[in-house]
Amino acid sequence: MKILVIGSGGREHALIWRLAQDSMNHTLFCAPGNAGTAELAQNVGIAADDIAGLVSWAKENRPDLTVVGPEVPLCLGVADAFAAEGLRVFGPCKAAAQMEGSKSFSKSVMTAAGVPTARAEIYTKSDEAIRALDNFSLPVVIKADGLAAGKGVIIAQTREEAESAIRSMLDGGIFGAAGAEVLIETFLDGEEASILALIDGEHAVLLPASQDHKRVFDGDQGPNTGGMGAYSPAPVVTESMLPVIKETVILPVVNELKKRGITYRGVLYAGLMIGRDGSINVLEFNVRFGDPETQVVLPRIAGDLAPIFEACIDGNLTEEMVKIRPEAAATVVVAAGGYPGSYRKGIPITGLDAAAQMADTIVFHAGTKMSDGGVVSSGGRILAVSALGSDLRTAVNRAYEAVGKIGIEGSHYRKDIAHRAFER
Ligand code: AMP
Ligand code: GLY
């Protein structure tokens with residue numbers, strides 16, 4: 001098959017890499033891709049949010065399948081635009097993508113569907129929002145409604161912090177239109193986990209649970225990032241929880257959307273908070289694969305991947321189609337010095353071949369590009385180094401051994417990936 005993957009991060013390299021393992025020979029394209037995708041696919045120089053450019057490339061090149069990585073093109077309606085041209089695309093339509101694009105929409109769907117989630121109130125005027133803080137205890141969570149590249153959630157420990165977050169979003173416009181509406185939400189305590197569910201409009205198949213590491217420093221300290229590493233399975237989600245999550249979280253959302261005339265096809269990512277008592281609450285939904293969760297979940301899928309995506313488009317997805325390997329997987333993100341603050345680009349990367357030669361290890365590129373002298377960094381999260389192992393400890397050790405072979409001046413990575421699993 002001729003397959004186009006949209007996006008340029010570690011998630012998209014993982015998608016390209018996994019599709020290249022399929023038993024049929026695909027011809028792969030990645031728009032815009034990175035230095036890693038370029039080894040397995042032809043990179044197409046069109047930005048992931050250039051919908052018109054992508055459609056015009058696809059009309060000319062007629063891919064049999066397009067897989068959308070990031071949320072921005074989905075929220076801009078890339079799936080609708082491709083479908084209108086008779087092109088097959090794996091990813092939800094614009095109306096369904098509001099599950100990530102609008103936290104107030106997502107909350108209303110969850111409430112109507114009876115999905116367990118934090119209580120929230122929604123405001124557009126700062127004085128009303130600030131008054132409403134009386135209805136919440138501390139800490140309290142303040143969220144911008146729209147897409148804010150992962151920065152739109154503030155956990156306020158004090159009333160002053162909460163008020164200043166509300167003012168900066170509603171009066172200061174720090175997130176622009178994305179912050180024109182805010183949610184004030186009850187703080188949930190517990191351990192987070194990510195569930196990626198494949199959905200074909202009606203049926204859902206849950207992929208194994210994973211856990212991301214959002215804070216930049218070891219011990220979950222420091223500012224939030226796009227994700228510094230991940231592992232799967234995540235033991236906080238027990239085997240018996242998966243069917244519960246399917247029945248009480250995933251399917252109710254699919255059915256509630258259907259009631260509203262919206263068909264969900266693609267991946268639905270549920271960010272969950274698992275309480276100490278085993279309670280399950282939804283923190284947020286995303287309408288795409290997670291990054292870096294994809295770098296640990298896709299290596300665990302056995303068999304062919306493209307037919308699974310096609311079944312989601314055609315409405316005939318079954319549990320039997322999705323086979324999971326028993327090995328555990330871990331990924332370590334290597335970031336540029338200074339990330340998630342300001343950082344330098346164009347730093348040379350050495351040791352990629354030595355790392356790639358290790359068994360059961362895959363170096364996924366995220367912010368990289370080719371330059372005359374070789375591969376250089378082009379982003380904050382530079383690589384995600386994944387490994388499989390017979391158990392989580394083996395996978396984590398392998399990933400770190402591979403990271404040790406890579407040289408990127410000034411870079412940093414977390415040394416404690418999967419610590420919560422090991423502390424259990
Ligand atoms: P989001 O941008 O929606 O993914 O949220 C970012 C992060 O904020 C989540 O991964 C959680 O760590 C945290 N968060 C969001 N909502 C809550 C909540 N109600 N209680 C506690 N933490 C939350
Ligand atoms: N790893 C978090 C996300 O993809 O949103």
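Start at 1 and go down the list; that is how both ligands and their atoms are numbered.
In terms of polar-atom proximity, Arg11 is not counted as a contact of ligand 2, lacking any N or O under 3.5 Å from an N or O of the ligand. Considering backbone and side-chain N/O atoms, Glu284 never comes within less than 3.5 Å of an N/O atom of ligand 2. The distance criterion of under 3.5 Å between nitrogen or oxygen atoms is met by Lys214 with respect to ligand 1. The shortest N or O to N or O distance between Leu283 and ligand 1 is not under 3.5 Å.
What sits closest to atom 3 (O) of ligand 1 on the protein, heavy atoms only, is Lys103 NZ, 2.9 Å. Among protein heavy atoms, the minimum distance from atom 20 (N) of ligand 1 is reached at Leu188 N, 2.8 Å. The protein heavy-atom contact nearest to atom 8 (O) of ligand 1 is Val153 CG1, 3.4 Å. If you check which protein heavy atom lies closest to atom 19 (N) of ligand 1, you get Glu185 OE2, 2.8 Å. Here the protein heavy atom with the shortest distance to atom 9 (C) of ligand 1 is Glu192 OE1, 3.6 Å. Regarding atom 13 (C) of ligand 1, its nearest protein heavy-atom neighbour is Ile155 CD1, 4.0 Å.
Of the N and O atoms on the side chains of Asp64 and His26, not one donor lies less than 3.5 Å from an acceptor on the other residue.
The closest side-chain heavy-atom distance from Asp314 to Asp200 is not below 4.5 Å. Using a 4.5 Å heavy-atom threshold, the side chains of Val287 and Tyr264 count as touching. For the pair Arg300/Leu388, a side-chain contact is recorded, criterion being any heavy-atom separation below 4.5 Å from C-beta on. Put simply, the side chain of Glu71 does not reach to within 4.5 Å of the side chain of Asn286, judged on heavy atoms. At least one side-chain heavy atom of Asp291 sits less than 4.5 Å from a side-chain heavy atom of Arg381. Taking 4.5 Å as the limit, every side-chain heavy atom of Met321 sits out of range of all side-chain heavy atoms of Leu198.
Near Asn286, meaning under 4.0 Å from any of its heavy atoms, are these atoms of ligand 2: 5 (O). Less than 4.0 angstrom separates some heavy atom of Glu284 from each of these atoms of ligand 1: 1 (P), 3 (O), 4 (O). Every atom of ligand 1 is numbered from 1 in the order shown, and the set under 4.0 Å from a heavy atom of Phe187 is 20 (N), 21 (C). Annotation for ligand 2: atoms under 4.0 Å from non-hydrogen atoms of Asp212 are 1 (N), 2 (C). Of all atoms in ligand 2, listed by their number and element, those nearer than 4.0 Å to a heavy atom of Glu293 are 1 (N), 2 (C), 4 (O).
Counting heavy atoms closer than 4.0 Å to ligand 2, residue Arg288 contributes side-chain atoms (C-beta onward) but none from N, CA, C or O. At a heavy-atom cutoff of 4.0 Å, ligand 1 is contacted by the backbone of Thr186 but not by its side chain. Of the heavy atoms in Tyr269, only side-chain atoms (C-beta onward) come closer than 4.0 Å to ligand 2.
In this structure, Gly290 has a heavy atom closer than 4.0 Å to ligand 2.
The nearest pair of heavy atoms linking Ala193 to Val237 is CB-CG2, 3.5 Å. Taking each heavy atom of Lys246 and Ala204 in turn, the nearest pair found is NZ-O, 3.0 Å. Heavy atoms only, all atoms of each residue included: Ala118 and Thr186 are closest at CB-O, 3.4 Å.
For the atom pair Phe285 CZ and Leu272 CG, the distance stands at 7.5 Å (nearest 0.5 Å).
When the options Met273, Lys143, Lys151 are ranked by their closest heavy atom to atom 16 (N) of ligand 1, first place goes to Lys143.
Applying the 6.0 Å contact sphere to CZ of Arg276 captures no more than 12 heavy atoms from other residues, nucleotides or ligands.
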